[in-house]
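Notes to accompany the following structure.
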Amino acid sequence: SVNSDKATSIFWLVVALIVSVASFRLGLGKFSTPGSGFTPFGAAVLLGILSLVCFLQARGREKSAEAQPLFSGMLWPRVILVFVALFAYAQLIPFAGYSMTTFLLMAFLFRVAGQKKAWKVALYSLATTALSYYVFSKWLNLQFPIGPLGF
């Protein structure tokens with residue numbers, strides 16, 4: 001419902017503000033030499049923008065006749081699978097390396113999101129992994145764990 005969208009938007013906006021202040025205190029550094037607060041600050045700014053957009057969209061919508069519970073219609077098995085996959089990703093990345101683990105996670109997430117064609121899942125996963133590797137490793141000079149296969 002519109003009210004629950006407004007409430008969750010405000011909640012995430014507050015979270016974004018708290019994280020951005022904490023990240024700023026950690027130090028943002030420069031764009032070429034980012035500090036430890038650079039990435040969380042960027043994520044917090046993005047979260048803040050998205051929550052503002054969601055709030056404005058909810059405000060613009062008319063109220064529906066029936067109020068529905070906040071989590072009605074949520075596909076709980078998918079939600080649980082995604083949380084398990086993210087936990088497994090965090091545990092496996094030091095051993096299997098960034099590229100392989102990220103590719104497998106993205107393939108799983110694209111599949112869970114409903115992508116049916118295997119070639120699209122593979123292509124999207126490869127593109128996402130390559131782009132994220134390039135941005136973080138080459139552009140921001142961050143080091144990632146290297147897997148047993150050398151990538």
Side-chain angles (χ1 to χ4, degrees), residues 4-61 70-151:
S4 62
D5 285 347
K6 285 182 182 179
T8 53
S9 299
I10 291 171
F11 170 79
W12 288 114
L13 182 61
V14 170
V15 169
L17 288 172
I18 292 169
V19 171
S20 63
V21 168
S23 301
F24 190 77
R25 288 183 181 164
L26 284 174
L28 301 180
K30 296 180 183 176
F31 201 67
S32 59
T33 55
S36 58
F38 182 78
T39 302
F41 182 79
V45 168
L46 182 62
L47 179 63
I49 291 169
L50 292 175
S51 42
L52 279 175
V53 168
C54 184
F55 181 81
L56 294 174
Q57 285 178 343
R59 193 170 179 209
R61 276 187 260 135
L70 182 60
F71 295 111
S72 70
M74 186 173 273
L75 302 172
W76 285 107
R78 285 187 184 180
V79 171
I80 292 169
L81 281 174
V82 168
F83 277 117
V84 168
L86 290 172
F87 179 77
Y89 176 76
Q91 301 303 312
L92 291 175
I93 198 168
F95 306 107
Y98 176 79
S99 298
M100 184 185 329
T101 312
T102 302
F103 176 81
L104 293 173
L105 174 70
M106 294 311 300
F108 176 78
L109 292 177
F110 282 125
R111 193 77 165 141
V112 167
Q115 187 57 254
K116 301 293 182 210
K117 298 184 179 184
W119 71 270
K120 283 186 178 181
V121 169
L123 180 66
Y124 296 161
S125 301
L126 183 63
T128 304
T129 302
L131 181 64
S132 67
Y133 181 82
Y134 177 78
V135 167
F136 290 108
S137 178
K138 303 300 179 190
W139 193 26
L140 297 175
N141 294 323
L142 297 177
Q143 292 183 351
F144 290 117
I146 297 173
L149 301 177
F151 55 89

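Throughout, residue positions are numbered sequentially from 1 according to the sequence presented.
- For the atom pair CG (L104) and OG1 (T129), the distance works out to 8.5 Å, reported to the nearest 0.5 Å.
- Here the closest non-hydrogen pair linking S23 and P40 is OG-CB, 3.2 Å.
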What's the verdict on side-chain contact (heavy atoms from CB on, under 4.5 Å) for V15 and L47, showing C-alpha distance, side-chain angles and the deciding distance? CA-CA 9 Å; V15 169; L47 179 63; 4.2 Å; yes

side-chain contact (heavy atoms from CB on, under 4.5 Å) assessment of T33 paired with N141: CA-CA 8 Å; T33 55; N141 294 323; over 6 Å; no

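- Around CZ of F55, the count of heavy atoms belonging to other residues, nucleotides or ligands within 6.0 Å exceeds 12.
- Within the 3.5 Å criterion, the main-chain N or O of A122 finds no donor-acceptor partner in the side chain of S125.
- Among all heavy-atom pairs drawn from R111 and K117, the shortest one is NH1-N, 4.5 Å.
- Here OH of Y89 is found 9.0 Å from CE of M106. Values are rounded to the nearest 0.5 Å.
- For the atom pair L28 CG and T39 OG1, the distance stands at 10.0 Å (nearest 0.5 Å).
- Screening F103, F108, F110 against Y124 for a ring-ring contact (aromatic ring centres under 6.0 Å, His included) leaves a single residue, F110.
- Using a 4.5 Å heavy-atom cutoff, the side chains of F144 and S99 are not in contact.
- Side-chain contact between F38 and K30: absent, with no pair of heavy atoms (C-beta onward) separated by less than 4.5 Å.
- Legend: residues meeting ring-ring contact (aromatic ring centres under 6.0 Å, His included) with F41, ordered by chain and number and at least two apart, are absent.
- In plain terms, the two heavy atoms of A107 and V121 that are nearest each other are O-CG1, 3.5 Å.
- Taking both residues in full, the closest heavy atoms of T101 and I93 are given as OG1-CA, 3.8 Å, listed atom of the first, atom of the second, then distance.
- Not one N or O on the side chain of S137 forms a donor-acceptor pair closer than 3.5 Å with the backbone of Y134.
- Between the CG atom of L81 and the CZ atom of R78 there is a distance of 9.5 Å, given to the nearest 0.5 Å.
- Side-chain N or O atoms of S51 include one that pairs as donor or acceptor with a backbone N or O of G48 at under 3.5 Å.
- Going from atom OH of Y133 over to atom CG of L142 covers 11.0 Å, rounded to the nearest 0.5 Å.
- Considering CG of L52 and CG of L56, their distance stands at 6.5 Å, rounded to 0.5 Å.
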